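First the structure, in the form of structure tokens, and then the observations on it.
Here the structure is a predicted model, which is why all the values come from computation and not from measurement. Positions are given from 1, in the same order as the sequence printed here.
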Amino acid sequence: MTLQLLMKKAPITTLLLISFVGLYLIQLLTGVDANNPTSQELIKWGANILPLTMVDEPWRLLSSAFLHIGLMHLIFNTFAMYFFGQVAEPMFGHAKFLAIFLLSAIGGNLLNNYVTWYDLLKDGTLYGLSAGASGGIMGIGGALLIGALFKVAIGGLMLNLRSLVIIMGINLVYGFAVPGIDNAGHIGGALTGAILALPIAIAYRKRGFTAQSHTSSSPTPVTTNSPIWQVLPWLVMVVVAVAFYFCWLDIYQQIALHLKALEA
């Protein structure tokens with residue numbers, strides 16, 4: 001598929017891909033190593049890291065989703081976004097697709113920071129520097145799984161649930177098997193995407209059942225265009241965003257109390 005055709009079919013996917021590659025090229029122009037950027041460089045460009053993200057710089061929950069750690073990381077995520085995005089964006093719509101990606105990226109980073117924080121309390125070692133679109137992409141994958149489970153069709157075609165489960169499973173197993181991969185971010189992103197897609201898929205099925213009822217002899221058809229089914233997906237997104245704020249606040253307060261106890 002050409003860039004022009006992708007832009008027409010999935011403009012948000014195209015813009016996300018351009019932003020990933022564009023930020024990477026800007027980093028190279030400023031002297032960042034193409035394959036092995038330093039931790040200091042990644043932090044400078046917006047990576048997610050517990051002491052900054054969960055205290056004074058929560059914007060890193062989102063900025064890190066556009067930052068990649070070397071060329072291979074960028075290539076892997078751009079290919080995944082390309083293949084998932086051109087299916088998911090027409091399915092969910094441009095605005096909902098973007099919201100799923102962004103909230104899934106934040107959800108993945110929050111889970112990563114929870115894991116990092118409790119590891120720090122347990123053994124005193126600080127891990128958790130992370131970057132990349134993987135959490136958001138896994139969120140799109142989780143949303144597609146829900147779409148396949150509810151038999152949401154795109155242009156009359158159904159998603160293959162088994163294939164999606166295999167792809168997602170391989171990504172998670174690979175994350176557990178290979179050191180240095182942010183598997184908490186993958187899991188958090190996938191769960192967030194699945195939660196956000198659920199009301200969208202339910203609304204789709206409700207519309208489908210309504211369409212069937214109008215073509216049957218049923219005297220009491222299901223209401224098709226009830227405003228609740230149009231509003232519900234956005235309401236769930238707002239609830240998830242608010243929940244994420246309280247998750248961030250929870251870790252922030254835990255860190256503040258811990259530092260206060262150390263000073264006492």
Looking at CZ of Arg60 and CG of Leu42, how far apart are the two atoms once the value is rounded to the nearest 0.5 Å?
-> 10.0 Å

Check step by step if side-chain contact (heavy atoms from CB on, under 4.5 Å) holds for Leu198 and Ile202.
-> CA-CA 6 Å; Leu198 190 57; Ile202 292 173; 4.0 Å; yes

Closest approach of Asn112 to Ser130 (non-hydrogen atoms, all atoms of both residues) | OD1-OG, 3.9 Å

How would you list, by chain and number, every residue that makes a side chain to side chain donor-acceptor pair (under 3.5 Å) with Gln27, sequence neighbours excluded?
-> none

Same cluster for Leu259 and Ile49 if Ile/Leu/Val/Met/Phe/Trp/Tyr side chains link at under 4.5 Å?
-> yes

Under 3.5 Å, side-chain donor or acceptor atoms of residues 65-76 against the rest of the protein: list the pairs with distances, not counting sequence neighbours.
unit_1 : atom_1 : unit_2 : atom_2 : d
His68  : NE2    : Asn77  : ND2    : 3.1
His68  : NE2    : Ala133 : N      : 3.3
His73  : ND1    : Ile69  : N      : 2.9
His73  : NE2    : Asn77  : ND2    : 3.4

Going through the distances and angles, do Thr30 and Trp45 end up as a side-chain contact (heavy atoms from CB on, under 4.5 Å)?
-> CA-CA 11 Å; Thr30 62; Trp45 284 93; 3.4 Å; yes

With a 4.5 Å limit on heavy-atom distance, are the side chains of Ile200 and Met91 in contact?
-> no

CG (Asn113) and CG (Leu52) are apart, to the nearest 0.5 Å, by 10.5 Å

Between atom CD of Gln253 and atom CE of Met54, what is the distance when rounded to the nearest 0.5 Å?
-> 11.0 Å

Looking only at side chains, do Asn109 and Ser64 share a donor and an acceptor under 3.5 Å apart?
-> yes

Using a 4.5 Å cut-off on heavy atoms from C-beta on, say whether the side chain of Leu129 contacts that of Asn48.
-> no

Does some side-chain heavy atom of Leu17 sit less than 4.5 Å from a side-chain heavy atom of Thr13?
-> yes

Taking the side chain as every heavy atom from C-beta outward, state whether Ile140 and Met81 have any atom pair closer than 4.5 Å.
-> yes

Under a 4.5 Å cut-off applied to non-hydrogen side-chain atoms, are Trp117 and His258 in contact?
-> yes

Under a 4.5 Å side-chain heavy-atom rule over Ile, Leu, Val, Met, Phe, Trp and Tyr, are Leu62 and Trp59 clustered together?
-> no

Any side-chain heavy-atom pair of Asn183 and His186 under 4.5 Å = yes

Atom CG in Leu111, atom OG1 in Thr116: separation rounded to 0.5 Å?
-> 9.0 Å

Identify the two heavy atoms, one from Val87 and one from Pro90, that lie closest to each other, and give their separation to 0.1 Å.
-> O-CD, 3.4 Å

Separation between CG of Leu232 and CD of Gln230, rounded to the nearest 0.5 Å | 11.0 Å

Would you mind reporting whether Ile106 and Thr192 have side-chain heavy atoms less than 4.5 Å apart?
-> no

Walk me through it: do Leu15 and Met7 pass the test side-chain contact (heavy atoms from CB on, under 4.5 Å)?
-> CA-CA 8 Å; Leu15 292 175; Met7 175 63 84; 4.2 Å; yes

Atom pair CG (Leu6) and OG1 (Thr14), whose distance is rounded to the nearest 0.5 Å = 3.5 Å

Distance-only donor-acceptor pairs under 3.5 Å for side chains of residues 233-251, two or more places apart:
unit_1 : atom_1 : unit_2 : atom_2 : d
Trp248 : NE1    : Thr53  : O      : 2.9
Asp250 : OD1    : Gln254 : NE2    : 3.4
Asp250 : OD2    : Tyr114 : OH     : 2.7
Asp250 : OD2    : Gln254 : NE2    : 3.0

Does a side-chain heavy-atom distance below 4.5 Å link Thr38 with Glu41?
-> yes

Which atoms form the tightest heavy-atom contact between Pro199 and Ile195, and what is the distance?
-> CD-O, 3.2 Å

Closest non-hydrogen contact found for Gly193 with Ile100 is CA-CG2, 4.2 Å

Heavy-atom pair of closest approach, residues Phe84 and Gly141 | CE2-CA, 3.6 Å

